[in-house]
Number of protein chains: 2
Amino acid sequence: MSAVQLFPAPIATVDAVLLTLRQGALCVGLITREQPPFTGLLALPGGYVHIPEDATLEAAAARILRDKARVECRFLEQLATFSGEARDPRGWSLTVVYFALVPEAELLAAGGALALHPVAGLPPLAFDHAAIIDAAVSRLRGRSSYSALPAFLLPPLFTLTELHAVYQQVLGTRLDPASFRRKITDQGIVEAAESRRVGAHRPAALFRLRAGQARSFLHRI
Amino acid sequence: MSAVQLFPAPIATVDAVLLTLRQGALCVGLITREQPPFTGLLALPGGYVHIPEDATLEAAAARILRDKARVECRFLEQLATFSGEARDPRGWSLTVVYFALVPEAELLAAGGALALHPVAGLPPLAFDHAAIIDAAVSRLRGRSSYSALPAFLLPPLFTLTELHAVYQQVLGTRLDPASFRRKITDQGIVEAAESRRVGAHRPAALFRLRAGQARSFLHRI
DNA sequence: ATAATAGTGTCTCTCAGACACTATCGA
DNA sequence: TCGATAGTGTCTGAGAGACACTATTAT
């Protein structure tokens, strides 16, 4: 390694995959590109790191989602870094991708410039963003079977029936309600809130995620 | 987003965490830095992406390990990207980190410039490399409980007793030999090789990883 | 035969799925 | 009282750990 950098630097960007559930369908937040390349195509929200404003890449992703969707995501985590010569016609590039889970209600309340599109049946996307979204959905599905990730698709307070429905929608399988309740409550993943959800029928207890323990279970769902 | 990039580009590099087992101890391959910053300290092998020689970041990581350790790793996967202003005194930087598993025998046969150091009790390292190694070890430990990753710490052909020992060393726990054998063989993770390991006592059947199925199990180990 | 390592049979306990049951609300 | 949703009790079957057992080699 010499002191002088002999190689051109790759173009480095940050992109964000924001996932939410709308009417039981997993959706991703996209923008329509206004500049080349890929003008007019849908793309993930993203951009350059703002130095020194962004302390880290994660901060850059949070800023991008704050600007585009007007939300502070309770779940934001690095997905992976995608790279290569072919993904951007301007040249060799890399993009560090973060993935966020947001309840739909929060997105709607915030307004924001992202349009929600069901991840099943997306139109052609800019760059390699279709593959990136596939990777994010795979991560969500994979982690959902042994973690509390799907809870981040609900508001901070939720009933176990709602959580059960979200797990079923994300995993695409039926889960026995009784076993589900036991697993969730036994493992200390959630804690009971004081209030109850009142409605037309028997009120349901409300729960919230326990801080820190939200990520992984002892046993599979 | 304007057409002109208004922000300085971060310094982008690739680093590799090469892990192996030596006498039951998990070890990482390190070099001694010859240039500033951190001259004289131990560091992960790494460097700039060579454009256009490296087709992707993974190819850059493979090249770095080929140059420094003279090995082609059968397991090489992206770990995460680390970033920030503080990790490199030259300024805001990001490094895309790959993590590799190699059997010790292969490393020794290859020679190479990496020195193996037990991950328990490392001296101070350059940059944030201590935190990066922690992340790699956590990933290995976490994935080992439900995947065949530890098998990559053995040569392509191995006995179930050897695999059992490697799992115990990586996980740091005792595993029942009978249960272990059943789980490994029942799940189609390995397939029997034709040959057997001959020695001073009863010969053991040799196995290899089944291509594709190497990554994840139905049930925990 | 013996030592040593390889590999199996079988018991038990725990946990997940199935599903019938009870509980609590509004109308 | 009924309909609807919330939540529980209990049976059963699968799988993991424990551990005693058998198998196969060299010496």
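Lettering follows sequence order; numbering is per chain, from 1. For clarity, every value in this text was computed on a predicted model and none was experimentally measured.
Residue contacts shown for A:Arg174 are limited to sugar-phosphate atoms, with no base heavy atom under 4.0 Å away. Heavy atoms of B:Ser179 sit under 4.0 angstrom from at least one base atom. If you check every strand for non-hydrogen atoms under 4.0 Å, A:Ala204 touches sugar and phosphate atoms only.
Remark: C1' of C:dC19 and CZ of A:Arg182 are 11 Å apart, rounded to the nearest angstrom. A:Lys183 has its NZ atom 4 Å from the P atom of C:dG17, to the nearest Å. Atom CG of A:Asp176 is separated from atom P of C:dA20 by 12 Å (rounded to the nearest Å). Going from atom CD1 of A:Ile184 over to atom P of C:dG17 covers 12 Å, rounded to whole Å. Atom CZ in A:Phe180 sits roughly 17 Å away from atom C1' in C:dC15 (whole-Å rounding). If you measure from atom OH of A:Tyr146 to atom C1' of C:dC15, you get 20 Å, rounded to the nearest angstrom. The distance between atom CG of A:Leu175 and atom C1' of C:dA16, rounded to the nearest whole Å, is 11 Å. A:Leu206 has its CG atom 15 Å from the C1' atom of D:dG7, to the nearest Å.
The base of D:dT5 has none of its N or O atoms less than 3.5 Å from a complementary donor or acceptor on the side chain of A:Arg181.
B:Ala69 approaches B:Ala110 most closely through the heavy-atom pair O-CB, 3.6 Å. Of all the heavy atoms in B:Val190 and B:Phe158, the pair that sits closest is CG1-CZ, 3.9 Å.
A distance below 6.0 Å separates the ring centres of A:Tyr167 and A:Phe180. Outside the 6.0 Å centre-distance limit, the rings of B:Phe82 and B:Phe127 are not counted as a close aromatic pair.
Mapping A:Pro177 and B:Ala178 onto DNA chain C via the closest heavy atom, the residue that lands nearer the 5' end is B:Ala178.
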Protein-nucleotides 25-27 of chain C N/O pairs under 3.5 Å:
from	atom 1	to	atom 2	distance (Å)
C:dC25	OP1	A:Arg196	NH2	3.1
C:dG26	O4'	A:Ala200	O	2.6

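Each of B:Thr13, B:Thr81, B:Asp128 was evaluated against B:Thr95; a single residue qualifies, B:Thr13, per the side-chain hydrogen bond (donor to acceptor under 3.5 Å, both in side chains) test.
Residue B:Thr161 places none of its side-chain N or O atoms closer than 4.0 Å to OP1 or OP2 of C:dT5.
Listed by first then second residue, pairs satisfying salt bridge (charged side-chain N to carboxylate O under 4.0 Å, His left out) with a partner in residues 198-207 of chain A number zero, not counting sequence neighbours.
Using bins of under 30°, 30° to 60° and over 60° for the plane-to-plane angle, the ring pair B:Phe99/B:Phe75 lands in the perpendicular bin.
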